Amino acid sequence: MITNSMEASRLPAPLPVDFADGVFPAGCPSRTVLDHITSKWGVLVLLSLSEGEQRWSELRRRAEGISEKMLAQTLKTLERDGLVLRKAQAVIPPRVDYSLTGRGYELTALLVPLVTWAYNNADDIMNGQR
């Protein structure tokens with residue numbers, strides 16, 4: 001017997017009416033934003049920063065496999081998008097700390113459930129199970 005909650009979970013999630021037609025055209029700015037925040041490295045950097053302010057080396061260590069070039073590029077993109085704040089301190093040796101902006105925290109509140117779902121289902125998906 002299927003319960004109401006099981007039935008509801010199988011129903012498609014409708015897009016809000018006010019933007020349902022606007023998100024699909026190639027020129028929609030949301031597609032660029034989605035590309036930035038859902039890239040492999042973008043998601044990992046955002047999730048790492050959701051735990052608090054971090055230095056470059058901490059971010060590089062957390063996102064295993066990321067090159068210096070990709071970390072720099074990802075941080076610059078997320079900073080330009082207003083999701084990450086870069087705070088350089090005039091000390092020797094130079095110190096730069098990264099943190100999320102308010103909008104970045106708002107975004108990671110949405111990303112955490114998505115990444116949790118991916119983590120919980122990764123083995124079954126990778127093994128071709130349903």
Side-chain angles (χ1 to χ4, degrees):
M1 175 180 229
I2 297 178
T3 66
N4 285 341
S5 64
M6 288 176 68
E7 288 175 10
S9 69
R10 292 185 179 167
L11 294 175
L15 290 172
V17 175
D18 59 335
F19 75 83
D21 292 332
V23 72
F24 294 106
C28 181
S30 67
R31 289 176 68 171
T32 301
V33 174
L34 284 169
D35 183 46
H36 294 173
I37 63 179
T38 62
S39 69
K40 173 173 59 172
W41 303 121
V43 168
L44 294 177
V45 167
L46 289 165
L47 287 176
S48 186
L49 290 173
S50 73
E51 296 176 339
E53 185 174 272
Q54 294 177 41
R55 295 178 71 178
W56 169 278
S57 58
E58 293 170 295
L59 289 168
R60 181 120 192 263
R61 198 170 25 257
R62 292 290 307 275
E64 288 184 22
I66 191 169
S67 67
E68 288 185 17
K69 178 182 177 182
M70 282 309 302
L71 180 55
Q73 183 178 350
T74 300
L75 286 166
K76 283 180 185 175
T77 298
L78 296 173
E79 182 183 8
R80 186 177 57 242
D81 291 347
L83 302 170
V84 169
L85 181 63
R86 180 183 187 271
K87 185 170 57 175
Q89 298 179 23
V91 295
I92 297 182
R95 178 183 172 127
V96 179
D97 294 303
Y98 295 91
S99 61
L100 292 178
T101 63
R103 182 171 283 157
Y105 277 110
E106 182 182 351
L107 172 60
T108 57
L110 300 169
L111 284 177
V112 167
L114 173 64
V115 173
T116 301
W117 182 91
Y119 180 82
N120 289 336
N121 290 279
D123 288 339
D124 289 345
I125 292 169
M126 297 305 293
N127 292 325
Q129 299 175 4
R130 294 179 186 252

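This structure is a prediction, so every number in the text was calculated from the model and none was measured.
For Asp97, the salt bridge (Lys or Arg N to Asp or Glu O under 4.0 Å) criterion is met by Arg95, not counting sequence neighbours. With sequence neighbours excluded, no residue forms a salt bridge (Lys or Arg N to Asp or Glu O under 4.0 Å) with Glu106. Take Lys69 and apply the side chain to side chain donor-acceptor pair (under 3.5 Å) test, not counting sequence neighbours, and it matches no residue. In this structure, the salt bridge (Lys or Arg N to Asp or Glu O under 4.0 Å) partners of Arg62, at least two apart in sequence or on a different chain, are Glu51.
By the 4.5 Å heavy-atom criterion applied to side chains, Trp56 and Val96 are not counted as neighbours. No side-chain heavy atom of Val43 sits less than 4.5 Å from a side-chain heavy atom of Ile37. A 4.5 Å side-chain heavy-atom check between Leu49 and Leu59 finds at least one atom pair inside the cut-off. Side-chain atoms of Leu44 and Ile66, non-hydrogen and from C-beta on, never get closer than 4.5 Å to each other.
Residues Trp117 make up the rest of the hydrophobic cluster containing Ile125, defined by ILVMFWY side-chain heavy atoms closer than 4.5 Å, directly or through other members.
Within a 6.0 Å sphere centred on CD of Gln89, other residues, nucleotides and ligands contribute more than 12 heavy atoms.
Residue pairs that meet the salt bridge (charged side-chain N to carboxylate O under 4.0 Å, His left out) test with at least one member in residues 74-92, sequence neighbours left out, are Glu53-Lys87.
Counting only distance, with no hydrogens or angles, the side chain of Thr108 and the backbone of Leu111 share no donor-acceptor pair below 3.5 Å. For Ser50 (side chain) and Leu47 (main-chain N/O), a donor-acceptor pair under 3.5 Å exists by modelled atom type.
In this structure, Ser48 OG and Trp41 CH2 are separated by 12.0 Å, a value rounded to the nearest 0.5 Å. Asn121 CG to Thr116 OG1: the interatomic distance, rounded to the nearest 0.5 Å, is 10.5 Å. Rounding to the nearest 0.5 Å gives a distance of 10.0 Å between CZ of Arg55 and CZ of Arg61. Gln73 CD to Ser39 OG: the interatomic distance, rounded to the nearest 0.5 Å, is 9.0 Å.
Hydrophobic cluster membership differs between Leu85 and Tyr105, with clusters built from Ile, Leu, Val, Met, Phe, Trp and Tyr side chains linked at under 4.5 angstrom.
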